[in-house]
Amino acid sequence: MFGSAFPRLALLFTWLFTDRVDVAFDNGWLAPLAGAIFLPFTTLLYVLVYAPVRGVTGFGWVLVVLGFLCDLSSYGAGARGRRQQAARQR
């Protein structure tokens with residue numbers, strides 16, 4: 001529930017207090033950092049559904065795609081809000 005409202009903060013807490021991000025991204029830091037900045041829902045769900053031996057499989061990919069769609073919709077809603085605000089200021 002917390003992750004759906006604040007995905008970047010939830011990802012940060014997951015990164016700081018668990019090893020899930022390190023396991024999912026093979027101890028790299030650039031990919032999860034870029035994911036937290038540009039695609040926070042996708043990155044968070046990838047980290048949560050990643051299984052150490054198998055990776056992401058089956059329904060996990062459905063959740064990752066759902067996270068990607070949430071990221072796209074948040075960018076679209078922001079752009080729509082800026083257009084509406086610009087139209088009101090004219």
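S74 places a side-chain N or O within 3.5 Å of a backbone atom of D71 that can act as its donor or acceptor partner.
Taking CZ from F68 and CG from L63, the interatomic distance works out to 15.5 Å, rounded to the nearest 0.5 Å. To the nearest 0.5 Å, the span separating CD on Q84 from CZ on R80 amounts to 5.0 Å. For the atom pair CZ (F25) and CZ (R20), the distance works out to 11.5 Å, reported to the nearest 0.5 Å. To the nearest 0.5 Å, the span separating CZ on F59 from CG on L66 amounts to 8.0 Å. Rounding to the nearest 0.5 Å gives a distance of 7.0 Å between CZ of F38 and OH of Y75. Interatomic distance, L9 CG to T14 OG1, rounded to the nearest 0.5 Å: 9.5 Å.
Between T43 and P32, the shortest heavy-atom contact is CG2-O, 4.3 Å. Of all heavy-atom pairs between G28 and W15, the closest is O-CZ2, 4.5 Å. Here the shortest heavy-atom pairing between L44 and A10 reads CD2-CB, 4.0 Å. A24 and Y50 get closest at one heavy-atom pair: CA-CD2, 3.6 Å.
If you run side chain to side chain contact (heavy atoms under 4.5 Å, CB included) between L11 and each of L48, L45, V47, only V47 comes through.
Residues Y46 and W29 are members of one and the same hydrophobic cluster, defined by side-chain heavy-atom contacts under 4.5 angstrom among Ile, Leu, Val, Met, Phe, Trp and Tyr. The hydrophobic clustering, which links ILVMFWY residues whose side-chain heavy atoms are closer than 4.5 Å, places F17 and L12 together. Residues V49 and F41 do not share a hydrophobic cluster, clusters being chains of Ile/Leu/Val/Met/Phe/Trp/Tyr side chains in contact below 4.5 Å.
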